[in-house]
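One structure is given here, and the rest of the page talks about it.
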Amino acid sequence: QVQLAESGGGSVQDGGSLRLSCVASRDIVRIDYMAWFRQAPGKEREGVAAVHPASGRQYYRDSVKGRFTISQDSATNTVYLQMNDLKPEDTAMYYCAAEAKRYVGMVDGLRLYEYDYWGQGTQVTVSS
């Protein structure tokens with residue numbers, strides 16, 4: 001089992017930056033994929049970025065490529081999402097997920113899995 005705790009959300013203006021953190025309760029190198037998802041009001045949850053901690057392989061949805069970077073710190077069991085050049089359409093609740101249980105497919109450029117464990121979420125609001 002894995003407990004996940006996100007932090008780092010907030011309110012920024014168009015073009016601003018934020019860094020989200022997700023601290024896992026156990027060694028992330030032994031976790032099969034970790035990811036960030038987001039859900040805006042009235043919309044379905046969508047995958048944003050994913051990382052395979054053991055190999056470092058990273059995946060991104062097309063709309064965030066070049067703006068968002070997923071990274072990891074194995075010493076602190078933390079996965080980060082650095083978000084630059086934020087846009088109003090990035091406004092959403094952002095969730096960390098861990099332990100892929102089923103491969104869904106490639107969706108909008110992102111290697112998408114179903115995940116076993118989820119954090120509580122952290123709100124990101126981008127104003128124009």
Side-chain angles (χ1 to χ4, degrees):
Q1 195 166 7
V2 184
Q3 281 80 49
L4 303 170
E6 305 104 327
S7 63
S11 297
V12 296
Q13 296 214 323
D14 192 351
S17 298
L18 285 172
R19 188 176 78 159
L20 306 183
S21 300
C22 173
V23 180
S25 60
R26 63 178 178 88
D27 186 357
I28 62 172
V29 176
R30 298 181 181 274
I31 295 175
D32 191 17
Y33 285 97
M34 293 184 69
W36 287 96
F37 286 74
R38 66 187 180 187
Q39 187 167 20
K43 294 189 176 181
E44 291 189 357
R45 186 174 60 195
E46 62 183 22
V48 177
V51 63
H52 186 253
S55 66
R57 289 192 300 268
Q58 303 169 5
Y59 305 92
Y60 300 91
R61 71 179 298 111
D62 291 336
S63 63
V64 307
K65 285 177 182 175
R67 300 189 298 123
F68 290 12
T69 303
I70 191 169
S71 62
Q72 61 193 72
D73 181 346
S74 300
T76 60
N77 294 328
T78 303
V79 171
Y80 299 99
L81 185 68
Q82 177 67 43
M83 305 185 294
N84 297 328
D85 191 22
L86 281 160
K87 306 176 186 300
E89 52 264 39
D90 295 317
T91 295
M93 184 71 79
Y94 282 70
Y95 298 92
C96 180
E99 205 69 80
K101 64 179 180 180
R102 188 177 77 88
Y103 178 59
V104 175
M106 294 297 291
V107 179
D108 294 327
L110 176 68
R111 189 174 180 87
L112 189 64
Y113 292 86
E114 291 183 352
Y115 287 85
D116 277 330
Y117 304 106
W118 294 83
Q120 299 282 349
T122 185
Q123 178 69 37
V124 172
T125 302
V126 186
S127 57
S128 57

[X] and [Y]: which non-hydrogen atoms are nearest, and at how many Å?
| X | Y | result |
| --- | --- | --- |
| Met34 | Ala98 | CG-CB, 4.0 Å |
| Leu86 | Val12 | CD1-CG2, 3.7 Å |
| Thr122 | Ser7 | OG1-C, 4.2 Å |
| Lys65 | Gly109 | NZ-O, 4.1 Å |
| Pro88 | Ser127 | CG-C, 4.5 Å |
| Ser17 | Asn84 | OG-OD1, 3.0 Å |

Treating Ile, Leu, Val, Met, Phe, Trp and Tyr as nodes and any side-chain heavy-atom pair under 4.5 angstrom as an edge, say whether [X] and [Y] lie in one connected cluster.
| X | Y | result |
| --- | --- | --- |
| Leu4 | Ile70 | yes |
| Val107 | Val64 | no |
| Leu110 | Leu20 | no |
| Val51 | Val23 | no |
| Leu18 | Trp36 | yes |

Are Arg67 and Asp85 close enough for a salt bridge, meaning some N to O gap below 4.0 Å? no
Looking at Lys87 and Asp90, is there a salt bridge between them, counting it only when a charged N and a carboxylate O are closer than 4.0 Å? no
To the nearest 0.5 Å, how far apart are [atom1] in [X] and [atom2] in [Y]?
| X | Y | atom1 | atom2 | value |
| --- | --- | --- | --- | --- |
| Arg61 | Phe68 | CZ | CZ | 10.0 Å |
| His52 | Gln72 | NE2 | CD | 9.5 Å |
| Tyr95 | Arg38 | OH | CZ | 13.5 Å |
| Tyr113 | Lys101 | OH | NZ | 14.5 Å |
| Ile31 | Ser74 | CD1 | OG | 10.0 Å |
| Arg102 | Leu112 | CZ | CG | 9.0 Å |

Could you give me the CA-CA distance, side-chain angles and deciding distance for Tyr80 and Gln82, then say whether side chain to side chain donor-acceptor pair (under 3.5 Å) is met? CA-CA 6 Å; Tyr80 299 99; Gln82 177 67 43; over 6 Å; no
Glu99 and Arg26: CA distance, side-chain angles, deciding distance, salt bridge (Lys or Arg N to Asp or Glu O under 4.0 Å) verdict: CA-CA 11 Å; Glu99 205 69 80; Arg26 63 178 178 88; 2.7 Å; yes
What do you reckon, is CZ of Arg30 surrounded by more than 12 foreign heavy atoms closer than 6.0 Å? no
Sort and list the pairs that fulfil disulfide bond (SG atoms under 2.5 Å apart) and have at least one residue in residues 32-73, not counting sequence neighbours. none
Considering residues at least two apart in sequence or located in another chain, which fulfil the ring pair (Phe, Tyr, Trp, His ring centres under 6.0 Å) criterion with Phe37? Tyr115, Trp118
Test item: Thr91 side-chain N/O and Val126 main-chain N/O as donor-acceptor pair under 3.5 Å: yes
Under 3.5 Å, is there a donor-acceptor pair between the side chain of Glu6 and the main chain of Gln120? yes
Assess whether side chain to side chain contact (heavy atoms under 4.5 Å, CB included) is satisfied between Tyr59 and Tyr33, documenting all intermediate values. CA-CA 10 Å; Tyr59 305 92; Tyr33 285 97; 3.7 Å; yes
With side chain to side chain contact (heavy atoms under 4.5 Å, CB included) as the test, would you mind laying out the steps for Met106 and Arg111 before giving the verdict? CA-CA 5 Å; Met106 294 297 291; Arg111 189 174 180 87; 3.8 Å; yes
